[in-house]
Amino acid sequence: MDFDAEENGPELPRTANEEFRPFIRRLPEFKFWYSITKSTLVGIFCTFFECFNIPVFWPILVMYFITLFFITMKRQIKHMIKYRYIPFTHGKPKYQGHEEPAGKVIFSPK
C-alpha cells in the first residue's frame, strides 16, 4: 500500500462543519510508546535466561540488519526516487553566488 502525502493527503474542508486536519498520524503516539516499552521490557526479561543466549555468526547479523533496513526503508527510497531527491552532493548542480565588482563598497564601518 503506497501512501503519498502530496497525492492522497488531507484536503481543505468543503463545508463549514468539516474539521481541517492538516496532519494525520499513521501510528498514534501512545501506541508507539506502548510498543517500544513492551519490547524493551521483553528484551530485558529475556536476558535473565540462558536459553536465549544463542551464539550467532556475525556476518549473518550484518546481512539481517541490511535486509531489515531495506525492507523498512523501501517506501521512503521509492518516494526519494520518484521526486528525484539526491541526498549526496555528487551530481547536484552547484549554484554560484552573485559577486559584487571589486571597486564597489557595500558596507563601510566608521
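Start at 1 with the first residue, then count along the sequence.
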Return the orientation label for the Phe49 and Phe52 ring planes: parallel under 30°, perpendicular over 60°, tilted otherwise.
-> perpendicular

Within one Ile-Leu-Val-Met-Phe-Trp-Tyr cluster: Ile81 and Phe69, side-chain cutoff 4.5 Å | yes

How many angstroms lie between atom CD1 of Ile77 and atom OG1 of Thr72, to the nearest 0.5 angstrom?
-> 8.5 Å

Determine the sole option in Lys74, Lys82, Arg75 for which the side-chain contact (heavy atoms from CB on, under 4.5 Å) test with Lys78 is passed.
-> Lys74

For the atom pair CE (Met73) and CE (Met80), what is the distance rounded to the nearest 0.5 Å?
-> 7.0 Å

Any chance CD of Glu29 has more than 12 other-residue heavy atoms, nucleotides or ligands included, within less than 6.0 Å?
-> no

Let me have the donor-acceptor pairs involving side chains of residues 39-47, under 3.5 Å, with sequence neighbours excluded, atom names and distances please.
unit_1: Ser39; atom_1: OG; unit_2: Ser35; atom_2: O; d: 3.1
unit_1: Ser39; atom_1: OG; unit_2: Ile36; atom_2: O; d: 3.0
unit_1: Thr40; atom_1: OG1; unit_2: Ile36; atom_2: O; d: 2.8
unit_1: Thr47; atom_1: OG1; unit_2: Ile44; atom_2: O; d: 2.5

Between atom CZ of Phe65 and atom OG1 of Thr67, what is the distance when rounded to the nearest 0.5 Å?
-> 10.5 Å

Side-chain contact test, heavy atoms from C-beta onward, threshold under 4.5 Å: evaluate it for Val56 versus Tyr64 and give yes or no.
-> no

